[in-house]
*Asks:* 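Can you read through this structure? Questions will come right after.
Index from 1, following the sequence. Below, all heavy atoms of this structure are taken into account, side chains as well, without hydrogens, waters or symmetry copies. Model, not experiment: these values are computed from the prediction.
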Amino acid sequence: MQPQAIDTILEGRRSQPNQLIEVLHDVQENYGYLPKEAIKSVSQGLGVPLMEVYRVASFYKAFRLKPSGKNVLTMCTGTACHVRGSHLLLDHAIDRLGIKPGEVTPDGLFSVEHVNCLGACALGPIVAENGSYHHHMTPAKLRKLVETISRRETGGNNDAQAK
Ligand code: FES
């Protein structure tokens, strides 16, 4: 972690507790998640108790307290997607990648998350790949997506992910 980045993020915001959510967004954008050291610096810099920073960071699903994989597959499990089989997609991803939501594959290439709605209910089930939406997903389409990403990342040398 580069402490200068935190100093830069806090510049002009020190001792302003009302900046907490914006600062946490900037920290996550910078690091990809909220490292413990950064959370401590934010707490001290803004004058917000550490417990409050953790409460906010863990309340909002947009914040990550652990690093994610290079490719984040976000599965929508909201009602509209659920009735169209999104639970099968989540099961498929868990089975294929060998990780649970919130975990990262050992090679660091994938992580899986699930959310309650991605705002495109009519096109569900939706799976987002690093924020890009794939609509009307099926287990077969998801398998192909994982294979495509895996090949792209490994140059076709990692068939373990694309079993
Ligand atoms: S419920 Fe899946 S996009 Fe809204």
*Asks:* When you group the ILVMFWY residues by side-chain heavy-atom contacts below 4.5 Å and let the links chain together, are Tyr31 and Leu34 in the same group?
*Replies:* yes

*Asks:* Counting only N and O atoms by type, is there a donor-acceptor contact under 3.5 Å from the side chain of Ser86 to the main-chain atoms of Cys76?
*Replies:*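 Between the backbone of Cys76 and the side chain of Ser86 there is a qualifying donor-acceptor contact (under 3.5 Å).
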
*Asks:* Judged by atom type as modelled, is there a donor-acceptor pair below 3.5 Å linking the side chain of Ser43 to the main-chain atoms of Ile39?
*Replies:* no

*Asks:* So do the side chains of Val127 and Thr74 get within less than 4.5 Å of each other, counting heavy atoms only?
*Replies:*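 They are not in side-chain contact.
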
*Asks:* Among all residues two or more places apart in sequence or in another chain, which pass the side chain to side chain donor-acceptor pair (under 3.5 Å) test with His92?
*Replies:* Arg96

*Asks:* When rounded to the nearest 0.5 angstrom, what is the spacing between CD in Gln44 and CG in Leu10?
*Replies:* 10.0 Å

*Asks:* Between Tyr33 and Leu65, is any pair of side-chain heavy atoms under 4.5 Å apart?
*Replies:*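 The answer is no; the side chains never approach within 4.5 Å.
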
*Asks:* Could you tell me which non-hydrogen atom of Leu97 sits nearest to which non-hydrogen atom of Thr105, and how far apart they are?
*Replies:* O-CG2, 3.8 Å

*Asks:* Could you pull out all residues at least two apart from His82 that satisfy ring pair (Phe, Tyr, Trp, His ring centres under 6.0 Å)?
*Replies:*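 For His82, the residues satisfying ring pair (Phe, Tyr, Trp, His ring centres under 6.0 Å) (neighbours in sequence not counted) are His87.
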
*Asks:* Among residues at least two apart in sequence or on other chains, which ones pass side chain to side chain contact (heavy atoms under 4.5 Å, CB included) with Cys121?
*Replies:* Ala80, Cys117

*Asks:* Could you name each residue pair satisfying salt bridge (charged side-chain N to carboxylate O under 4.0 Å, His left out) that touches residues 125-134, not counting sequence neighbours?
*Replies:*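 Checked against salt bridge (charged side-chain N to carboxylate O under 4.0 Å, His left out) - neighbours excluded - the pairs reaching residues 125-134 are Glu129-Arg152.
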
*Asks:* Would you give the length of the straight line joining atom CZ of Arg143 to atom OG1 of Thr148, rounded to the nearest 0.5 angstrom?
*Replies:*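 It is 11.0 Å, given to the nearest 0.5 Å.
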
*Asks:* Considering only heavy atoms from C-beta outward, does the side chain of His136 approach that of Arg84 to under 4.5 Å?
*Replies:* no

*Asks:* Hey, any chance Leu142 and Ile94 share a hydrophobic cluster, counting ILVMFWY side chains that come within less than 4.5 Å of each other, even indirectly?
*Replies:*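 Yes, Leu142 and Ile94 fall within the same hydrophobic cluster.
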
*Asks:* May I have all residue pairs that pass side-chain hydrogen bond (donor to acceptor under 3.5 Å, both in side chains) and include part of residues 60-69, sequence neighbours excluded?
*Replies:* Arg64-Glu113

*Asks:* Linking directly or through intermediates, with side-chain heavy atoms under 4.5 Å: list the remaining ILVMFWY members grouped with Tyr133, chain and number order.
*Replies:* Val115, Leu118, Leu123, Ile126

*Asks:* Could you pull out all donor-acceptor pairs under 3.5 Å where a side-chain atom in residues 16-26 meets a protein atom, sequence neighbours excluded?
*Replies:*
residue, atom, partner, partner atom, Å
Gln16, NE2, Gly12, O, 2.9
Asp26, OD2, Arg13, NH1, 2.8
Asp26, OD2, Arg13, NH2, 2.9

*Asks:* Suppose we screen for side chain to side chain donor-acceptor pair (under 3.5 Å). Which residues come up paired with Asn130, at least two apart in sequence or across chains?
*Replies:*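 Checked Asn130 against side chain to side chain donor-acceptor pair (under 3.5 Å); matches are Asn71.
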
*Asks:* Say you draw a straight line from OG of Ser41 to CD1 of Ile9; how long is it, rounded to the nearest 0.5 Å?
*Replies:* 10.0 Å

*Asks:* With a 4.5 Å heavy-atom cut-off, do Val112 and Val72 have their side chains touching?
*Replies:*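 A side-chain contact is absent here, since even the closest heavy-atom pair is not under 4.5 Å.
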
*Asks:* Report the residues that fulfil salt bridge (Lys or Arg N to Asp or Glu O under 4.0 Å) with Lys70, sequence neighbours left out, ordered by chain and then residue number.
*Replies:* Glu153

*Asks:* Side-chain contact, heavy-atom cut-off 4.5 Å: Pro139 with Leu89?
*Replies:* yes

*Asks:* Between the main-chain N or O of Ala128 and the side-chain N or O of Ser132, is there a donor-acceptor pair closer than 3.5 Å?
*Replies:* no

*Asks:* Has the side chain of Ser111 got a donor or acceptor atom that lies under 3.5 Å from a matching backbone atom of Gly69?
*Replies:*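 Between the backbone of Gly69 and the side chain of Ser111 there is a qualifying donor-acceptor contact (under 3.5 Å).
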
*Asks:* Using residues 47-58 as the side-chain source, report each donor-acceptor pair under 3.5 Å to any protein atom, sequence neighbours left out, with the distance given to one decimal.
*Replies:*
residue, atom, partner, partner atom, Å
Glu52, OE1, Arg55, NE, 3.0
Glu52, OE2, Arg55, NH2, 3.0
Ser58, OG, Tyr54, O, 2.6
Ser58, OG, Arg55, O, 3.4

*Asks:* Any side-chain heavy atom of Pro101 sitting closer than 4.5 Å to one from Leu90?
*Replies:*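 Pro101 vs Leu90: side chains touch.
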
*Asks:* State, yes or no, whether a side-chain contact exists between Leu73 and Leu145 at a heavy-atom distance under 4.5 Å.
*Replies:*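 Touching, per the 4.5 Å side-chain cut-off.
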
*Asks:* Report the distance from atom NZ of Lys144 to atom CE of Met137, rounding to the nearest 0.5 Å.
*Replies:*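 Result: 11.0 Å between the selected atoms.
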
